[in-house]
Structure formats: C-alpha cells, structure tokens
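Here's the structure, in structure tokens; my notes come after.
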There are 2 protein chains.
Amino acid sequence: MATINDVAAKAGVSTATASRALNGKSTVDPALAARVLSAAAELGYQPNGPARNLRRQETAVLALIISDVENPFFTSIARGVEDVAQAVGYSVVLCNSDENPEKERRYIDVAIQERVAGVVLSPTGTAPNVDLLTARRTPLVAVDRPLPAAADMVLVDTRSAAKQATTHLISQGYDRIGCITGPAGIQTADDRLAGYKDALRASKRRTSARFARRAEFRADGAFEAAIDLLSQPDRPDALLVANSAMAVGVLEALSKLDLRLGADVGVVAFDDAPWASLVDPPLSVVSQPAYDIGKVAAQLLMARIADSSLPYTTTTLNATLITRGSSTR
Amino acid sequence: MATINDVAAKAGVSTATASRALNGKSTVDPALAARVLSAAAELGYQPNGPARNLRRQETAVLALIISDVENPFFTSIARGVEDVAQAVGYSVVLCNSDENPEKERRYIDVAIQERVAGVVLSPTGTAPNVDLLTARRTPLVAVDRPLPAAADMVLVDTRSAAKQATTHLISQGYDRIGCITGPAGIQTADDRLAGYKDALRASKRRTSARFARRAEFRADGAFEAAIDLLSQPDRPDALLVANSAMAVGVLEALSKLDLRLGADVGVVAFDDAPWASLVDPPLSVVSQPAYDIGKVAAQLLMARIADSSLPYTTTTLNATLITRGSSTR
DNA sequence: CTGAAAGCGCTAACAA
DNA sequence: TTGTTAGCGCTTTCAG
C-alpha cells in the first residue's frame, strides 16, 4: 500500500512537503502541491490513520456508546450525534452496550485505547466504568441518564412528563392507574415511576405497590408484567408504560386478555413510535426529543474537545404528551 | 497518560519484556510477568491503540456500513455481526451510509484509512465505492444486496419470497394486486417487484404498471404511493409492500381513505416488525432472517481475514411468509 | 528468558 | 517555501 514517501518520491519532493500539500497547508507552492496531489491520486494513496493518530496524539473520531441499538430512541440519538459530527469532519463509531455493564466497560476500554476524541454515553448505571474516562480527562457527555461524575449531561425531564401523562389519565376519568417501568437503578425507569407517583399524590390518590411493576425495557418482560397486573381481581383501568418496546408487550397482553384499549384500559406510553397511530385506538404517547438529545450532546462534546476548561452543564429537554385515542374511554 | 515504558520502568524490566508480559506471551518468567501486570494495574495503563496498530499493521476492528440505522432490519444485522465479532475479540464500528453513495464513500475511506481488518457492507448500489476496497484487498462481505465485484455475499431469497407472498394473496381471492417497492437500482427493491410479477405471470394475470409504485424505503413515500394507487377508479384490492417502514405509510393511507385492512385491501409487507401483530387485523409479513445474515456475514469475514485465498461464496438465506389477518377477507 | 534497538507512517520543529 | 530529522508508543527481530 502506497505511503506518503511513495507519493513524495513520485512528485519529486520531500515527505514533509508532501504531507503539507496533502493536508492543505497554505505554505506550499501551488505547482508542487498540484504535483503531489496528482501523484497521490495516481497511486491511490490513502493516509495511514494509525500513524497519523499516533503522531498527532489525537483522532477525529467520537465514540457513541448506547444501551440498545434496537431501540429507536437511541438510534435517533445516534443520528443527531452523527449529523453534527459529520458537519465538522468527525466520524462516529457506534457501540452497543446492550444494557450490560461489562460490555459497556469493554467499549469504554476500546474508546480509551483508540484515543477517541470524545465519548457520548448512555450509562448503564455503574459509576466505576465512567471513572475510567474521567480519570483520563476524556471528553464525555452523558445522554438520557444522569451521572454522579463531573460531566456534561443531556437529559429529558422525564419525571414531570410521567407526572403529566398520569395526570392526563386521571383527568380522563381513569381511577386505578398502574405503571410498568424499567429495572430499578436505571434512572429513567425510576424517574418515570416517581413522576407517576407524584401525579397520584397530587390528586390525593393512594399509590399502591400492587399497581407498579418493573421489567427489562423490552416487550416480553412488559407482557408478563401486564398480564400479572391485569389479572388481579381489582385490576388497573389504565397504565403508564415506560417505553415503546414495552408498549408492544402491554398491547399484546391486552389483546390476550380480551381487554379493549382505551375503553377497558387506558394507556400512555413513552416514545412516539411510528406505529403508534396505527393501532386502534391510536396510542397516546410521551414523545421524547431524541434527535435533539444527540445533536445537543455532540455540540457539547465538540465544545469540550475544543476547550476542556469549560464548566460542566446539564441540559434538560422537554418531552411532550401527545394524546390520542388510547387514553380516552 | 502512562506508556509501556512507564510500566516497564516501574516493574524494573525492559519495554520488550513488559510488552511480552502484557500480551500474555508464554516466554516470560512468571515472576516478572506478575510484576509487570501489577505495575500496569497501578498505573492504570491502557495500551495506545494507534501505536499498536501502526506497528502491527493490523487492527482488531470491523467496520459495518449499513444503509439505515433506523431500520430494524439493519440493526438486527448489526447485532448478529457484533455477537460473533465480540466472541473472537474484535470490535465493530457501525457506520450509517443513509442510502447515500457519498456518505458510503466517506465511510469506506475512513475504514481504509483506519486499516480496519474487514468490512461488512450493505451497498447503496454504486460499484466504484466498492472497488476502493477490493483494490486494496480489504476483506469484504456484502449483505442484503449483491455486488458485481468479487466478494462474499449474504443475501435473502427475496424474489421468491415476494412471489410466494403474492401467490398467497392470489390464493386468498384478491384479484387486482399492487406492489409498492423501493427505488429502482436497489437490488432488493427490484427483486421484490420481480417476484411480484413472477407470481402474476404464473397465475396468468396481466402485470400492469398502473399497479406498481416506487418510493424511498420510508413511511412518507409509501404513504403517497398508496394514496395514489388506491385513489384510482379501478384500485388494487391488495398490496405487496417492500418493507416495514413503508407498511406504516400504507396503513396510514388505508386509514385516511377509510379502507379496511384485509377486507378492502389485503396487505403483505416485508419485515416482521414487533408491532405487526398489534394492528387490526394483524399484519401478514415476510420475515427476513436479519440476525442470521449478520452472523453469517461476520463468520465469513473472520474466515477471510484469517485466509484471504478462500474462494468467494454467496450464501442465500430464506425468508418466511407469516400469514396473519391482513391478507384474508 | 531478557534486553537493545530498529522501525511502522506520519507530522512538526527546526534549519536552510 | 522547502528539506532534514526526531520521535509519537508499540512490537519484534536479533543478540546475548
């Protein structure tokens, strides 16, 4: 594979000049530069990234470590990050931690070893992994979930959104409202449950553990939880569901138990999936600004890469309740 | 940041010995090795990836360039690739070409420059990009779409699946069957259309261009196409739809036109989305083995990385028709 | 089994 | 403006 020396030789200049020409430095004679460029083209020269990165002690790549590639919420974040990064000439590598602290740790190690310029992370909840990054002062932005560490964060005001959604269900005349949320320890799962309880308390209702369930952020776990919840004699007549994958499980459970969405059991779910308006009645949702989360996170990261002395910031974006038929009798 | 020299110094050995110990070479005194390892741990030593890659002239990373991160079909492929890569100690970086030849080209350049060990690619259809890779003998596996170039491929027998799905619609008594597929030039889009025509011909029906439409592989384009198709006086009474994002658009169009799914317009769509069984009636689909595509692709890639002289293979996996209510009157 | 030393390809002082 | 040269951190001969 052709090296910069081959290019230089072919163009009859030194490697230094070739390097300068290839990198568009203005301090090189246009005629020479042209010769270098055409030599490079003829040889099909592609710079050796590792060599360049080693020498420069920096790379133009960002690592984006997310907890679930198959969750549209996170892929939207990915697009946001990518669009910003592309625009300033950075590449982004997407890593899937799969909600697994060990995988997260492995990818953080890789990010450190490859000396990426910065990391966008949706943390799985274990602080020690993140310390690896902060100890090395690797620029870091946390998305979706807060971090105890000193870092920029881009979050969603999920607790108040959950409260608002639950209040909406109450105002629609639902009386025994349940909640299906994610695993304990995942902040967004806890926040959604907390917001749900906030709303019940605000309307002077008792909150009962009998009506709250936790499961993985997936359809199957939510299906079991919903079956469980709705098989009680005094079953809930409405449900707040913590994400769209879980909503699939809940709707399956409803169908299995022959309960009508809306009429028998009102439902509001987090995340506005493309199919939400296709079910009958259409699903009410809490829409999160995922793309913007990614965009803001990438902008913060680029800013910090440029100036590491910036103060840490926390940006909280708002989710919006979209009411459709599933939350009306 | 601590280098291997720091580790060596702290352990009181040469860098060579430190390197050997760190890499688990058997030719090093256990006592020294232990000293090196603990020195590394104390210093929080992380190897410098670029330096190692430069020296070794190889990396343990795979690039996976897919045409749409937000399409669950491709993210499933990603999981398949990742699972086998992880198992053998490779990292995979996910790049999103967005069905855009230029972006694809940019990512291929990055892959070459970073000297990745191999590439899994769902091509956007332009041969020159791929030549960049083959010219450099970078191990390459194409997924989902065939390549003119010499490379391993993992495909789905999408044409015969389309034929089978269309035949199914015919057998269910639908008479004027239409097809909404992706852009011309994308092989899978063309194949699905071809399979659709195969079925019509086999049952002695005329194929009419009036009943076929193309759009981007997205909901909005498919929505327009469906509105257009179904607004004709002699409208289709069934539709074969080329992917699940498009299915969303088609179902929205049905709802807008007050046409009942199944009864008025039978539908079979490619890709078994999680929500497919939630709509009423449940959606009949052609389920593609996306995860397996990724798995097989990664296995082929690893094999080729190990031995570049292997003959090129094409693996064709089968899609399966899952009939549900949307294709019955 | 261990160490000294070369060199991967590139960029950035420093000189000219 | 151009060339010479050092060296980024690592692995790997080659001697010992």
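A distance of 4.0 Å separates OG1 in A:Thr188 from CZ in A:Phe217, rounded to the nearest 0.5 Å. The CG atom of A:Leu37 sits 11.5 Å away from atom CG of A:Leu32, with the distance rounded to the nearest 0.5 Å.
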Taking it one step at a time, do B:Asn53 and A:Glu114 satisfy side chain to side chain contact (heavy atoms under 4.5 Å, CB included)?
CA-CA 9 Å; B:Asn53 297 337; A:Glu114 296 305 324; 3.4 Å; yes
Quick one: do B:Ile108 and B:Glu104 satisfy side chain to side chain contact (heavy atoms under 4.5 Å, CB included)? Show the steps, please.
CA-CA 6 Å; B:Ile108 287 177; B:Glu104 177 182 88; 3.9 Å; yes
Go through the steps to decide whether B:Asn48 and A:Gln57 satisfy the test side chain to side chain contact (heavy atoms under 4.5 Å, CB included), and finish with yes or no.
CA-CA 10 Å; B:Asn48 182 312; A:Gln57 298 285 62; 4.3 Å; yes
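Closest to the side chain of B:Ser19, out of D:dG7, D:dT11, D:dT2, is D:dT11. Distances were taken from every side-chain heavy atom of B:Ile4 (C-beta onward) to each of D:dG9, D:dT2, D:dC10; the shortest belongs to D:dC10.
Taking the charged nitrogens against the carboxylate oxygens, B:Lys10 and B:Asp6 have no contact shorter than 4.0 Å, which rules out a salt bridge. The pair B:Arg105-B:Asp109 meets the salt-bridge criterion, since a charged nitrogen lies less than 4.0 angstrom from a carboxylate oxygen. With salt bridges taken as basic N to acidic carboxylate O contacts below 4.0 Å, none links A:Arg106 and B:Glu82. Ion pairing between B:Arg79 and A:Asp68 holds under the 4.0 Å rule for side-chain N and carboxylate O.
Toward the 5' end of DNA chain C, the nearer of the two residues B:Asp29 and B:Ala51, judged by each one's closest nucleotide, is B:Asp29. In terms of position along DNA chain D, the nucleotide closest to A:Ser14 lies nearer the 5' end than the nucleotide closest to the other residue of the pair B:Pro47 and A:Ser14. Both B:Leu54 and B:Gly12 lie close to DNA chain C; mapped to their nearest nucleotides by heavy-atom distance, the more 5′-ward contact belongs to B:Gly12.
In this structure, A:Lys25 atom NZ and D:dG3 atom C1' are separated by 16 Å, rounded to whole Å. As rounded to whole Å, 10 Å separates atom P of D:dT1 from atom CZ of A:Arg20. The distance from atom CZ of B:Arg56 to atom C1' of D:dG9 is 12 Å, rounded to the nearest whole Å. As rounded to whole Å, 12 Å separates atom C1' of D:dG9 from atom CE of B:Met1. Protein atom CZ of A:Arg52 is 18 Å distant from nucleotide atom C1' of D:dG9, rounded to whole Å. In this structure, the CZ atom of A:Arg35 is 12 Å from the C1' atom of D:dT2, given to the nearest Å. Atom pair B:Asn5:CG and D:dG7:P shows a separation of 13 Å (rounding to whole Å applied). Atom CD in B:Glu58 sits about 11 Å away from atom P in D:dT11, given to the nearest Å.
A 6.0 Å sphere centred on CD of A:Glu216 holds no more than 12 heavy atoms belonging to other residues, nucleotides or ligands.
Defining each end axis of the helix from C:dC1-D:dG16 to C:dA16-D:dT1 as the rotation carrying four pairs' C1' atoms onto the next four, with five pairs an end, the two axes are found to diverge by 40° to 10 degrees.
First and last contacts of DNA chain C with chain B, using any nucleotide atom under 4.0 Å from a protein heavy atom and ordered 5' to 3', fall at C:dC1 to C:dG9.
Backbone-only engagement by B:Asn23 is indicated by non-hydrogen atom pairs under 4.0 Å involving sugar-phosphate atoms exclusively.
OP1 or OP2 of D:dG7 has not a single side-chain nitrogen or oxygen of A:Gln57 nearer than 4.0 Å.
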